[in-house]
Amino acid sequence: MATFEIKMPKLGESITEGTIISWSVKTGDSINEDDVLFEVSTAKVSAEIPSPVAGKVLDILFQEGDTVAVGTTVAIIGLEGSEDDTDNDTAGHTTIPEKESAETPANDKNIPSTAPVPKAQAAKEDERWYSPVVLQMARDANLSQDELDRIPGTGYMGRLSKKDMKDYLSGKKDATTKTQSQPASQTVTESKPAPASQAKPAQTSPASSTPASQVISYAPVSAGSEDKVMEMDRVGKIIADHMVMSKNVSPHVTTVVEVDVTKLVQWRSRNKEAFRKREGISLTYMPAITEATAKALSEFPQVNASVNGYQIILKKHINVGIAVSLDDGNLIVPVVRDADKLNLNGLAVAIDTLANKARDNKLAPDDIQGGTFTITNFGTFKNLFATPIINQPQVAILGVGYIEKKPAVIETPEGDTIGIRHKMYLSLSYDHRLINGALGGAFLRRIADYLENWSL
């Protein structure tokens, strides 16, 4: 019987292990595709893990409460109807080999291959999972491995479903006629392989490749006879190591600016009741701050980036993480995706929804992945400003301070006068490998300008 290994999934960036909370199946159970197998808890989220295949549970290798490294096999599934089907042997680990020839470069993802798909063969551990049904459909359609890998999946963790394949093949068939009417030279021009120099792997420095999961060495500290020694919980350990790693990887610099947000405060006072009635949520300052930040990020793309050795990765999407404090004292950063494309109402609803999901421990893996910039609001605790630590692999983080009334000099046509203004501090910690003082200062000043001149 062909078997399929169920592995501990990676449920977020920097996640290296998960704890099995409960099993929904037992040895000997028959299961269908997408049936829930077990629930796993990580430092960031809890999630139910469905089965990507149908079959019978042959063995469960870990028990409830066990903490398991990502990629480790936790259960063995016997594939349904595979006793006599040698083509689907080891289907849980199969891929379709890509045709490699002088006519079709291996690194060219735009030139489709028409070579028949050979029988499935064992895949690498980190390759995408495909069900036997999907693999058979790929064979029948003569899809190359490269083309199959590029089909977007709507299943759990991006898994490719039977419906995804049907939709893709149907769309491809409809587009064939249009494609044939285009000059062949145009297709070739658009599909030129990348120069050899671009295909070289990035050269990484020891600092930039430091894994978040590495064991951090600390200087021993002795405890007195009357001191109480407490063990950090699992989440606390991960956060501690991640913070130390970030300081080791990125040379941190922090710049601070004071912002006059009187116009923003007055605008909120005028609109908060109507907003609550219309949207059903409170109007806070975070949507406005997030909008101003997203606008500034679109103008300063080097702040919306990552560093890989001596390479700069400019992110296409502006995904802003909003730090949320939890009741247990820990912190989590759900992500507002494409924040620059949302209006103020959309940002307010997204931030409120993610914050509530975080506090209810209902965040999905996608809710915490893909962030390109982070905002942390310590003004909630009436703190003026701080120097936050960068959330790797990002290159900057914005700290938001408490808004307080202050006497200030106001310039008028009649001369200077003293008035009461609402002011706050913004602090930006940035990675000095990529962002220098001029860039960091200009970016922070742009956010301040948006907030000082707030109007809707």
Side-chain angles (χ1 to χ4, degrees), residues 7-19 39-50 52 68-71 125-129 149-150 152-160 208-213 234-235 238-239 241-243 245-246 249-250 290 293-294 297 303-308 313-326 330-342 346-347 350-376 389-398 431:
K7 299 179 183 294
M8 176 62 71
K10 185 171 185 177
L11 297 181
E13 294 173 320
S14 78
I15 295 298
T16 60
E17 62 185 14
T19 299
E39 182 181 0
V40 60
S41 174
T42 72
K44 295 184 177 181
V45 293
S46 296
E48 292 181 334
I49 308 303
V68 185
V70 168
E125 179 180 307
D126 58 351
E127 285 180 334
R128 198 180 189 187
W129 280 348
D149 288 342
R150 288 187 282 115
T154 60
Y156 178 75
M157 298 295 284
R159 187 170 58 81
L160 199 60
S208 66
S209 58
T210 304
S213 59
R234 181 172 51 85
V235 175
I238 293 173
I239 292 175
D241 288 347
H242 190 69
M243 294 298 98
M245 180 272 291
S246 181
V249 168
S250 298
T290 304
T293 302
L297 287 170
V303 183
N304 194 59
S306 292
V307 177
N308 180 34
I313 303 173
L314 301 179
K315 302 295 186 177
K316 180 178 180 180
H317 297 277
I318 295 176
N319 300 330
V320 179
I322 308 293
V324 177
S325 58
L326 305 178
N330 288 313
L331 198 70
I332 194 167
V333 185
V335 176
V336 179
R337 298 185 178 279
D338 292 315
D340 56 320
K341 295 180 173 60
L342 297 177
L347 288 171
I351 292 171
D352 183 78
T353 300
L354 289 170
N356 288 331
K357 288 173 68 176
R359 296 187 179 105
D360 293 338
N361 197 28
K362 293 182 179 179
L363 287 172
D366 285 346
D367 292 331
I368 58 171
Q369 297 185 49
T372 61
F373 186 88
T374 297
I375 301 175
T376 180
I389 298 176
I390 298 167
N391 184 17
Q392 297 294 330
Q394 299 166 22
V395 294
I397 180 172
L398 178 70
D431 188 336

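The figures that follow rest on heavy atoms only: side chains count, while hydrogens, waters and symmetry mates do not.
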Rounded distance [0.5 Å steps], [atom1] in [X] versus [atom2] in [Y]:
X: T353; Y: K357; atom1: OG1; atom2: NZ; answer: 8.0 Å
X: I332; Y: R359; atom1: CD1; atom2: CZ; answer: 11.5 Å
X: N330; Y: I238; atom1: CG; atom2: CD1; answer: 9.5 Å

No-hydrogen, no-angle side-chain donor-acceptor test under 3.5 Å, Q394 and T372
no
Donor + acceptor pair across side chains of D352, N356 (<3.5 Å)
yes
Non-hydrogen atoms of [X] and [Y] that approach each other most closely:
X: I49; Y: P9; value: CD1-CG, 3.6 Å
X: P334; Y: L363; value: CB-CD2, 4.1 Å
X: D431; Y: S250; value: OD2-OG, 2.8 Å
X: L331; Y: V324; value: CD1-O, 3.3 Å

Student check: side-chain heavy atoms of [X] and [Y] closer than 4.5 Å:
X: Q369; Y: V335; result: no
X: V336; Y: L347; result: yes
X: M8; Y: E17; result: no
X: V320; Y: I375; result: yes
X: H242; Y: N391; result: yes
X: F373; Y: I397; result: no
X: V333; Y: I322; result: no

Using atom types as modelled and distance alone, determine if a side-chain donor or acceptor of [X] lies under 3.5 Å from a backbone N or O of [Y].
X: S306; Y: P393; result: yes
X: S246; Y: I390; result: yes
X: R337; Y: D367; result: no

With H317, which of N304, D338, D340 fulfils side chain to side chain donor-acceptor pair (under 3.5 Å)?
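Filter result, single survivor: D338.
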